[in-house]
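Here's the structure we're looking at; comments come further down.
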Number of protein chains: 2
Amino acid sequence: MNTKHLPHKTVERLSQYRRTLYLILSKDKTHVFSHEIAQMLHITPVQVRRDIMLIGYSGNLRKGYDIKELIDLIGKIIDTEKGQNVAVIGLGNLGKAIISYFKGKRTKLKIIAAFDINPDKINRVYDGVQCYPASRIHEIIKNEDITIGIITVPAEQAVATAETLVLSGIKGILNYSPKPLNVSPNVFLEEYDMITSLEKVAFYAKKNDERFK
Amino acid sequence: MNTKHLPHKTVERLSQYRRTLYLILSKDKTHVFSHEIAQMLHITPVQVRRDIMLIGYSGNLRKGYDIKELIDLIGKIIDTEKGQNVAVIGLGNLGKAIISYFKGKRTKLKIIAAFDINPDKINRVYDGVQCYPASRIHEIIKNEDITIGIITVPAEQAVATAETLVLSGIKGILNYSPKPLNVSPNVFLEEYDMITSLEKVAFYAKKNDERFK
DNA sequence: TTAGCATTGTTATTATATAAACAATTGAAC
DNA sequence: GTTCAATTGTTTATATAATAACAATGCTAA
């Protein structure tokens with residue numbers, strides 16, 4: 001599959017399309033129209049068709065898109081054949097939330113390790129995921145072929161954690177700490193800051209309010 | 001303050017600038033250059049200056065920006081004078097994570113209520129935040145003047161939760177459930193989906209890997 | 001006094017993302 | 001058959017965001 005330059009937003013939507021398609025498939029439907037997908041995700045049908053065009057798939061004019069084919073194709077694009085292993089660094093509330101979130105989800109991504117520095121958590125199993133001491137990050141990431149790390153440690157430890165991950169050969173990092181990171185260009189970094197999101201909502205909530213009164 | 005059309009991304013960065021500025025302020029500095037802020041956030045100095053231009057502030061050519069003035073101005077733009085009250089709906093791991101995250105943070109945003117349907121959680125206090133039964137959402141949002149709701153309930157309950165919030169007069173919603181919502185245009189909606197984020201990281205991690213080997 | 005330098009503030013350009021417009025196609029109804 | 005309605009696929013246009021380019025300023029120091 002030639003995925004030359006898929007826009008970031010398209011990649012994000014592909015993930016959502018796939019989950020939506022599974023939902024529709026479970027209703028014994030075999031085909032779906034762009035506007036049906038669009039309606040479920042509250043976006044425009046044009047957006048859906050454009051994204052599908054970008055991945056080189058074609059639908060049927062009367063029946064729409066073959067759901068199974070589309071699911072398979074999206075899988076070929078965003079998954080690797082044998083899947084990728086994931087580690088959560090920081091087993092606080094957020095780390096636990098992420099692990100239980102993924103529990104039982106059909107996906108090529110498997111959370112297979114958690115790390116923490118709290119002795120009460122180390123060597124225990126949370127929702128099927130073993131917690132190791134942070135000192136063993138390097139060793140376990142190497143041995144278990146973990147390619148993705150989710151950082152949920154406090155801000156003070158985020159930079160050191162990221163460095164360890166990169167040195168251990170990680171390929172992608174999802175950073176939930178409020179501390180912006182800087183990693184080498186061969187590691188993909190995605191950052192999400194809850195405080196920023198909330199302050200953004202607060203700002204536009206205020207503006208909307210002023211506009212409507 | 002005339003905040004006609006601040007781009008979404010600028011609003012997000014303003015939130016980050018302010019936190020960065022507080023950090024610098026605590027080091028007894030009174031002024032800061034655009035490249036210093038930029039370096040801490042790993043963005044370009046031009047981006048910083050452009051954002052600051054958009055909010056109508058001017059720095060000093062030799063000393064840079066007055067930190068206190070800039071903090072105050074950002075506050076005037078993104079905060080309301082008396083602050084806004086926030087509720088978390090769904091006191092699972094994610095809800096707890098958000099509450100403990102905000103604990104003790106200096107901010108005009110105050111989480112003052114949580115809601116859940118689990119009797120074990122109802123009427124208990126978590127990190128200073130009282131948990132109420134979901135049946136009282138409408139009443140408490142009205143009475144306590146809560147303007148922002150953070151949805152951390154399971155997907156199945158997300159739509160009903162959002163409807164209740166909107167009917168209760170909420171102004172902004174931050175949706176962490178994987179279920180896309182649809183609210184009336186006078187309510188600001190921000191959605192974040194962890195699975196999508198992780199799948200995105202997986203995709204680009206894979207691509208990077210292919211590119212570098 | 002004047003040249004040099006680092007910085008800000010602004011405009012212009014490019015890149016990314018969304019939306020609109022519309023031709024092409026297919027099957028159904030008459 | 002022929003017309004019609006609905007849908008896809010693609011091109012064009014617009015909106016948003018990031019980057020680059022550069023003039024203006026004011027301090028320093030020769």
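Naming: A, B, ... by sequence-line order, numbering from 1 per chain.
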Distance, rounded to the nearest Å, where A/His31 contributes NE2 and D/dT7 contributes C1': 13 Å
Atom pair distance, as rounded to whole Å: CG in B/Leu54 and C1' in D/dT16: 12 Å
Per-nucleotide protein contact string for nucleotides 1-12 of chain C (B base, S sugar-phosphate only, - none; heavy atom under 4.0 Å): ------BBBBBB
Give the table of side-chain donor-acceptor pairs shorter than 3.5 Å for residues 145-156 of chain A, with sequence neighbours excluded, one pair per line with atom names and distance.
| from | atom 1 | to | atom 2 | distance (Å) |
| --- | --- | --- | --- | --- |
| A/Asp145 | OD2 | A/Lys82 | NZ | 3.3 |
| A/Thr147 | OG1 | A/Gln84 | OE1 | 2.8 |
| A/Thr152 | OG1 | A/Ile89 | O | 3.0 |
| A/Thr152 | OG1 | A/Gly90 | O | 2.5 |

Nucleotide D/dT11, atom C1' - distance to CD of A/Gln47 in whole Å: 16 Å
Cation-aromatic face contact A/Lys105/A/Tyr101, 6.0 Å, 45 degrees: yes
Protein-nucleotide distance (B/His8, atom NE2; D/dA18, atom P), rounded to Å: 12 Å
Length of the line joining A/Ile55:CD1 and D/dT10:P, which is rounded to integer Å: 13 Å
Residue-level proximity of residues 11-28 of chain B to DNA chain D when a heavy atom falls under 4.0 Å: B/Arg13
Nucleotide C/dA15, atom P - distance to NE2 of A/His5 in whole Å: 12 Å
Listed partners of A/Ser26 passing side-chain contact (heavy atoms from CB on, under 4.5 Å), at least two apart: none
Partner set under side chain to side chain donor-acceptor pair (under 3.5 Å) for B/Glu69, not counting sequence neighbours: B/Tyr57
side-chain hydrogen bond (donor to acceptor under 3.5 Å, both in side chains) partners of residues 46-56 of chain A, not counting sequence neighbours, each pair once: A/Thr10-A/Asp51, A/Arg13-A/Asp51, A/Tyr17-A/Asp51, A/Ser34-A/Arg49
Whole-Å gap separating P (D/dT8) and CG (A/Leu70): 11 Å
Partners passing salt bridge (Lys or Arg N to Asp or Glu O under 4.0 Å) against B/Asp72 (at least two apart in sequence or in another chain): none
Listed partners of A/Leu61 passing side-chain contact (heavy atoms from CB on, under 4.5 Å), at least two apart: none
Angle between terminal axes - the helix from C/dT1-D/dA30 to C/dC30-D/dG1, 5 pairs each end, rounded to 10°: 20°
Pairs satisfying salt bridge (Lys or Arg N to Asp or Glu O under 4.0 Å), at least one member in residues 169-197 of chain A, at least two apart: A/Lys171-B/Asp209, A/Glu190-B/Lys200, A/Asp193-B/Arg19
Non-neighbouring partners of B/Asp66 that pass salt bridge (Lys or Arg N to Asp or Glu O under 4.0 Å), sequence neighbours left out: none
Any donor-acceptor N/O pair, B/His138 side chain to B/Thr164 backbone, under 3.5 Å: no
Side chain to side chain donor-acceptor pair (under 3.5 Å) partners for A/Asn93, two or more places apart: B/Tyr126
